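Report on one structure; see the data block that follows.
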Amino acid sequence: MNGTYKSFQISEKVGFLHESGRGVVTAILPSNKYLVLDDDGFENEYRSDELIKLFQSDKKIKDVILKDDQGFPKINNSKKKKSKQSVSRRIIDLHIEELVDDHSTWSNGQILNYQLKALRNFFNKAKNERIRKLIVIHGVGEGVLKEEVLAYFTKIDGVLIQEADFREFGKGATEIQLLFTQMEE
């Protein structure tokens, strides 16, 4: 970062620079970070350089930010109910720097265990919310984390695993599609 920080206030509407969707700032955290509640009810931590203010009157910003997973503009009609058939997507970045502030004293094994715990929590929350598509960013590296991610999901019935869209995520991401009819208990 260049030392210039954007500031946001609680209840301010924001968009995400690296993900589709929008949210509302629910808390201001230390180190220029914000807790944001997204449209689907997930609350995540973001740095200020990952957010953009949304202004109701600025059509250009709304048109860029509010697009669905296929790049089509989303219909913003609060009276319209979301279809149960709609495909929503969640993204988790398992790079340890994105999960914790300081891991300098952790061993590689501790880091991997923490990343896998975050993955399990992410998957369980997404499954409970009936999210249809997950993107897991694991990076390229030596491939240890990617192998663990694949091993985790291959043990689960009702999921399709494939490389995530290279144009959007590069080489280091996996897409998981959840087929709820096969996951019902």
Side-chain angles (χ1 to χ4, degrees), residues 1-8 10 12-54 65 67 69 88-129 131-153 156 159 161-178:
M1 288 204 279
N2 61 10
T4 333
Y5 297 105
K6 294 181 269 183
S7 62
F8 301 93
I10 293 175
E12 189 165 22
K13 292 180 182 177
V14 295
F16 309 109
L17 289 178
H18 304 293
E19 322 176 5
S20 61
R22 60 186 176 173
V24 176
V25 175
T26 58
I28 301 170
L29 306 173
S31 302
N32 203 36
K33 292 184 179 179
Y34 298 88
L35 203 56
V36 176
L37 179 66
D38 67 23
D39 286 337
D40 295 312
F42 284 87
E43 202 167 40
N44 291 301
E45 192 176 300
Y46 292 91
R47 295 186 318 263
S48 65
D49 63 340
E50 298 173 311
L51 299 172
I52 185 169
K53 291 182 183 187
L54 292 181
I65 298 298
K67 295 189 184 277
D69 291 342
S88 45
R89 170 178 88 167
R90 285 287 168 266
I91 301 170
I92 186 171
D93 188 339
L94 290 178
H95 286 95
I96 194 64
E97 298 82 13
E98 298 296 324
L99 299 174
V100 296
D101 288 331
D102 182 22
H103 63 280
S104 60
T105 61
W106 294 12
S107 70
N108 288 343
Q110 289 171 315
I111 291 171
L112 182 61
N113 285 335
Y114 191 88
Q115 291 167 314
L116 294 176
K117 180 180 177 184
L119 176 67
R120 287 189 301 273
N121 290 340
F122 171 74
F123 174 69
N124 288 330
K125 190 172 185 179
K127 185 173 75 169
N128 290 338
E129 295 291 323
I131 303 301
R132 308 281 296 170
K133 187 189 296 185
L134 309 178
I135 304 294
V136 179
I137 301 172
H138 42 67
V140 181
E142 295 177 22
V144 175
L145 181 56
K146 178 180 181 177
E147 291 303 317
E148 290 292 332
V149 167
L150 294 176
Y152 176 74
F153 283 110
I156 298 171
V159 297
I161 306 166
Q162 63 187 27
E163 291 288 324
D165 184 356
F166 176 78
R167 295 168 295 183
E168 187 173 0
F169 299 103
K171 284 184 174 182
T174 299
E175 178 181 306
I176 312 297
Q177 292 184 29
L178 284 66

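Just so it is clear, the model here is predicted, and its values are computed rather than measured. The figures here come from the full heavy-atom set of this structure, side chains too, leaving out hydrogens, waters and symmetry mates.
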Over all atoms of both residues, closest heavy-atom pair of I111 and H103: CD1-CD2, 3.7 Å
Any side-chain heavy-atom pair from R89 and I135 closer than 4.5 angstrom? yes
Pair Y34 and F8, ring centroids less than 6.0 Å apart: yes
Lys/Arg-Asp/Glu bridge criterion (N-O < 4.0 Å) met for D49, K33: no
Please walk me through it: do R132 and Q177 pass side-chain contact (heavy atoms from CB on, under 4.5 Å)? CA-CA 6 Å; R132 308 281 296 170; Q177 292 184 29; over 6 Å; no
Test side-chain contact (heavy atoms from CB on, under 4.5 Å) applied to L112 and L145, step by step: CA-CA 7 Å; L112 182 61; L145 181 56; 3.8 Å; yes
Going by atom types alone, do E43 and T26 pair a side-chain donor with an acceptor below 3.5 Å? yes
Donor-acceptor contact present, side-chain E168 to main-chain D165, <3.5 Å: no
Counting heavy atoms not belonging to N108, are there more than 12 under 6.0 Å from its CG? no
When rounded to the nearest 0.5 angstrom, what is the spacing between CZ in R90 and CG in L178? 12.0 Å
For a quick test of reading the model, state the closest non-hydrogen atom pair linking S48 to N32 and the distance between them. OG-ND2, 2.5 Å
Beyond-backbone contact of N44 with L35, side-chain heavy atoms, under 4.5 angstrom: no
Is any side-chain heavy atom of W106 less than 4.5 Å from a side-chain heavy atom of I96? yes
Can you give me the closest heavy-atom contact between I176 and T174, atom names plus distance? CD1-CG2, 3.7 Å
Which heavy atom of I92 sits nearest a heavy atom of A118, and at what distance? CD1-O, 3.8 Å
Is there a side-chain contact (heavy atoms from CB on, under 4.5 Å) between K127 and I131 once you walk through the steps? CA-CA 6 Å; K127 185 173 75 169; I131 303 301; over 6 Å; no
May I ask you to decide whether K117 forms a salt bridge with E148, counting only side-chain N to carboxylate O separations under 4.0 Å? no
Which atoms form the tightest heavy-atom contact between E50 and R47, and what is the distance? OE1-N, 2.8 Å
Any side-chain heavy-atom pair from L116 and Y152 closer than 4.5 angstrom? no
Calculate, to the nearest 0.5 Å, the distance between atoms CG and CZ belonging to L99 and F122 respectively. 11.0 Å
Quick one: pull up OG in S31 and CD in E45 and give me the separation to the nearest 0.5 Å. 8.5 Å
Is it the case that the side chain of Q110 and the backbone of S107 share a donor-acceptor pair, with hydrogens and angles ignored and the cut-off at 3.5 Å? yes
Quick check: does any side chain N or O of Q115 sit under 3.5 Å from a backbone N or O of L94, one acting as donor and the other as acceptor? yes
Go through the steps for V36 and F42 under the test side-chain contact (heavy atoms from CB on, under 4.5 Å), then give the verdict. CA-CA 8 Å; V36 176; F42 284 87; over 6 Å; no
Tell me if the CD atom of E142 is crowded by more than 12 foreign heavy atoms within 6.0 Å. no
